[in-house]
Amino acid sequence: MRTIIVTGGSGFIGSNFLQRFVLRQADVHFINVDKLTYAGNPMSLSAIENSENYSFEQVDICDSEAVTAVFQRYDPDCILHFAAESHVDRSIHAPRDFFTTNVGGTLNLLECCRAHWQGDSENFFHHVSTDEVYGSLPEDGYFTEATPYDPSSPYSASKASSDHLVRAYHRTYGLAIKLTNCSNNYGPYQFPEKLIPLMILNAVEGLPLPVYGNGKNVRDWLYVTDHCDAIWRIIQQGRVGETYNVGGDCEKTNIDVVRAICDGVATATDQEPSSLRDLIRFVPDRPGHDFRYAIDASKVQKELGWKPTESFESGLKKTVQWYLSNVDWIAKVRSGEYREWLKSNYEERNEG
Ligand code: NAD
Ligand code: TYD
């Protein structure tokens, strides 16, 4: 592996991935292709931006001419595809953007791979996807790689469509592909519209902590660098044409997560946990809210020896500390479009 195009490298998982592997893999040239939407932040990459084996191209993956030019310029061996619209609540408000980027953008990249590689089987497309494509689980059971797709939100429907396209390019054109479907990630550099960073920042500021429905919905949490390590291992050793489910074996109800955040923030800021727990508000449920996600990650564990290294307790402690220490980053991502969206979304829920 010599040259990897990483799409969406300025977002949450992409920036964690690049910070980790640009420094560790000096022999690999990483090219970050990112449009820099509200969710992409160049500050997340300041530690590596001057590295010799790192380049940045501000490009929309939906722009086929621009993507073709990037392929011609760098002649990549691998595409690692993170770029997406990624927030379920936004997809409920404005589904169209999700199909434009997540489906149209993925199709565009696949077409570029097909044209540029012309059947060269050494090169491959690694598609980063989510467990949300499988829909919702009841109290028991797990998602395996064989679970039928049953997406509930416009976000998960768009990701499901992109997964199908990636597999179709493998079957129809012989494009070499790998897929990962991962559970909920958390950690540094996550945009504060997702549950964990939003609750940390609201708790720090003494703002209400809006828990959807009764708070009993379950997510399977994975610390972001554990996800990045799984992806790297699959890029190196995973079988072409295969899908790997990646998860933390760490199921928590949302209310338990929010209470743990209150306690973590209280400890870090020398406050009474009860005063922060008093900020919890049960608000109207998300439409189509999936009840439970839980990943069976035994395939990647048995085949490639990957398993998570971070516990929820240690990962959450690091995450709380990171959000308390990185006020410049927070101020930057909270400016502009995001603030407007958060305000209207929050008012709408409270009116409901
Ligand atoms: P994110 O929203 O934090 O980052 C997305 C990045 O993609 C941003 O840098 C943004 O600027 C870029 N981008 C968006 N549209 C683009 C376009 N048209 N052209 C180029 N760049 C564009 O997302 P994330 O949480 O880092 O998720 C990354 C990937 O991992 C996504 O594909 C997501 O579906 C998947 N995933 C996320 C999670 C999670 O818990 N966050 C879990 C499983 C899978
Ligand atoms: P989120 O971080 O948006 O991830 P996803 O929807 O992709 O799982 O939400 C995680 C869970 O937290 C989900 O069940 C919805 C819930 N949630 C709240 O209860 N309140 C909030 O303000 C947010 C953003 C999410």
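One-based numbering, in listed order, for ligands and for the atoms of each. When reading the values below, keep in mind they use all heavy atoms of this one structure, side chains included, and skip hydrogens, waters and symmetry mates. Note that the coordinates shown come from a computational prediction; the quantities given were computed from them, not determined experimentally.
- At a 3.5 angstrom cut-off on N or O pairs, His289 counts as close to ligand 2.
- Inclusion of Tyr212 in the set of residues having an N or O under 3.5 Å from an N or O of ligand 2 is warranted.
- Every atom of ligand 2 is numbered from 1 in the order shown, and the set under 4.0 Å from a heavy atom of Val211 is 19 (O).
- More than 12 non-hydrogen atoms from other residues, nucleotides or ligands lie less than 6.0 angstrom from NZ of Lys299.
- Follow the hydrophobic side-chain contacts under 4.5 Å out from Val300 and you never reach Leu179; the two are in separate clusters.
- Residue Tyr293 is not grouped with residue Trp221 when hydrophobic side chains (ILVMFWY) are merged at heavy-atom distances under 4.5 angstrom, including chains of intermediate members.
- If you check which protein heavy atom lies closest to atom 2 (O) of ligand 2, you get Leu195 N, 2.8 Å.
- No option in Asn217, Asp89, Asp285 other than Asp89 meets the side chain to side chain donor-acceptor pair (under 3.5 Å) test with Tyr212.
- Linking ILVMFWY side-chain heavy atoms closer than 4.5 Å, directly or via other members, places Val103 and Val133 in two distinct hydrophobic clusters.
- Summary of contacts: the protein heavy atom closest to atom 24 (C) of ligand 2 is Glu193 O, 3.3 Å.
- Panel note: side chain Asn102, backbone Glu85; a donor-acceptor pair is recorded below 3.5 Å.
- Note: an N/O pair closer than 3.5 Å links Arg219 and ligand 2 by distance alone.
- For ligand 2, the polar-atom distance check against Val88 finds no nitrogen or oxygen pair separated by under 3.5 Å.
- Note: Tyr244 and Trp306 fail the aromatic proximity criterion, with ring centroids not under 6.0 Å apart.
- Considering both main-chain and side-chain atoms, Asn254 comes within under 3.5 Å of ligand 2 through a nitrogen or oxygen pair.
- Those atoms of ligand 2 that come under 4.0 Å of a heavy atom in Leu198, given as number and element, are 22 (O).
- With a heavy-atom cut-off of 4.0 Å, Ile196 does not touch ligand 2 at all.
- At a 3.5 angstrom cut-off on N or O pairs, Asn184 counts as close to ligand 2.
- Protein residues lining ligand 1, listed by chain and number: Gly8, Ser10, Gly11, Phe12, Ile13, Asp34, Lys35, Leu36, Thr37, Ala39, Gly40, Val59, Asp60, Ile61, Phe82, Ala83, Ala84, Ser86, Thr101, Val128, Ser129, Thr130, Tyr155, Lys159, Cys182, Ser183, Asn184, Asn185 [non-hydrogen atoms, distance under 4.0 Å].
- Ligand-side atoms of ligand 2 in range of His87: 3 (O), range being under 4.0 angstrom from any heavy atom.
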Show me the donor-acceptor pairs within less than 3.5 Å that the side chains of residues 9-16 make with the rest of the protein, sequence neighbours left out.
residue, atom, partner, partner atom, Å
Ser10, OG, Asn32, ND2, 3.1
Ser15, OG, Gly11, O, 2.6
Ser15, OG, Phe12, O, 3.2
Asn16, ND2, Phe12, O, 2.9
Asn16, ND2, Pro188, O, 3.0

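- Closest protein heavy atom to atom 7 (O) of ligand 2: Glu132 OE2, 2.5 Å.
- For the pair Pro210 and ligand 2, the shortest N or O to N or O distance falls below 3.5 Å.
- Residue-to-ligand polar distances place Arg286 within reach of ligand 2: an N/O pair is separated by less than 3.5 Å.
- Asp249 CG: 12 or fewer foreign heavy atoms inside a 6.0 Å radius.
- Counting non-hydrogen atoms of neighbouring residues, nucleotides and ligands closer than 6.0 angstrom, the CZ atom of Arg171 reaches no more than 12 such neighbours.
- A 6.0 Å sphere centred on CD of Glu52 holds no more than 12 heavy atoms belonging to other residues, nucleotides or ligands.
- Listed for the Asn245 side chain is a donor-acceptor partner under 3.5 Å among the backbone atoms of Phe143.
- Ring orientation note: the planes of Phe125 and His127 are close to parallel, at an angle under 30° on the 30°/60° scale.
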